[in-house]
Every structure is written in structure tokens, then in C-alpha cells.
Amino acid sequence: MKKLFGFLLAVLIIYVIYIDLTVGTLPSSLTQQVDAKIEVPKQQQKSDLPSFEAKVEPGETVISIVEHQLDNPLPVSITDLIQDFRKLNPGETPEKIQIGSTYHFPDYSK
């Protein structure tokens, strides 16, 4: 009985791995990705925060871009950096910046 149970378990595991590798666990045909970017008028983009523009390269994050600009560690908390990034880029989140896109980043060098 143990051998039969072990065999059935092995077949089940192999089947699950096969389905995971061929079909996947996330249904890609049922979901559609919509890339909608809301254009904000230039009047609303102005902020009292000093900023600089930078194009995002592969492997970069908001923190790494700002630290590279400063050539020092962040002088503010990560929470403040996230809030300032969202003020400078309405509708954008720092977690979802796109490679090749240009964003405004807070300039803490002053």
C-alpha cells in the first residue's frame, strides 16, 4: 500500500510540475495589461521641490538614482523620498518605474 501511495504521489508531483512549466500558474490569456499614462498639465507638475530628470536604466531604482546623483547616501528617510517622488510624478509609483522612461527625482543636494 505504501508503494502505491508513493507512486501516485510521484505521478501527481510530476504532473503538477509539467503543468506549471507548460501552462504556468498565472492565467496570461485572461489578463490584459493596459498601459495608460495620464498626461498632467504642466501647471500641476510644478512643485516647490528641487528636482532633476533622469532616464531609468536596467537595474536602477528610485533610491539608487537619487544616491548616484548625490554621490552620498540618502539624507532623508525612504518614506520621504517616496512621497517626494509621487509629488513630482503624479500618478506614478516608485515601485513601478519603467526602464527607458524619464522621471523627475527629488534633488536633495541643496
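No donor-acceptor distance shorter than 3.5 angstrom exists from the side chain of Ser64 to the backbone of Glu60, with no hydrogens or angles considered.
Atom CG of Asp20 sits about 8.0 Å away from atom CD1 of Ile17, to the nearest 0.5 Å.
Applying the side-chain hydrogen bond (donor to acceptor under 3.5 Å, both in side chains) test to pairs two or more places apart or on separate chains, none has a residue in residues 2-17. Screening residues 93-108 for salt bridge (Lys or Arg N to Asp or Glu O under 4.0 Å), with sequence neighbours left out, gives Arg86-Glu95.
Using a 4.5 Å cut-off between side-chain heavy atoms of Ile, Leu, Val, Met, Phe, Trp and Tyr, Phe5 forms no hydrophobic cluster with any other residue. Listed by chain and number, the hydrophobic cluster partners of Leu12 are Val16, where partners are ILVMFWY side chains within reach of under 4.5 Å, directly or through others. The hydrophobic side chain of Ile99 is isolated, with no ILVMFWY side chain under 4.5 Å apart from it.
Shortest non-hydrogen contact noted between Leu49 and Pro106 is CD2-CB, 3.9 Å. When all heavy atoms of Lys55 and Gly100 are compared, the closest pair comes out as CE-O, 3.3 Å. Here the closest heavy-atom approach between residue Phe105 and residue Leu88 is recorded as C-CD1, 3.6 Å.
Considering only heavy atoms from C-beta on, Glu92 comes within 4.5 Å of Tyr103 through its side chain. Annotation: side chain of Ile65 is in contact with side chain of Val56 (closest heavy-atom distance under 4.5 Å). Taking 4.5 Å as the limit, every side-chain heavy atom of Phe85 sits out of range of all side-chain heavy atoms of Val66.
Remark: Glu57 engages no residue in a salt bridge (Lys or Arg N to Asp or Glu O under 4.0 Å) (not counting sequence neighbours). Take Thr79 and apply the side-chain hydrogen bond (donor to acceptor under 3.5 Å, both in side chains) test, not counting sequence neighbours, and it matches no residue. In terms of the side-chain contact (heavy atoms from CB on, under 4.5 Å) criterion, residue partners of Leu9 (sequence neighbours excluded) are, by chain and number, Ile13.
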Using atom types as modelled, flag every donor-acceptor pair under 3.5 Å from a side chain in residues 67-76 to any protein atom, sequence neighbours excluded.
none

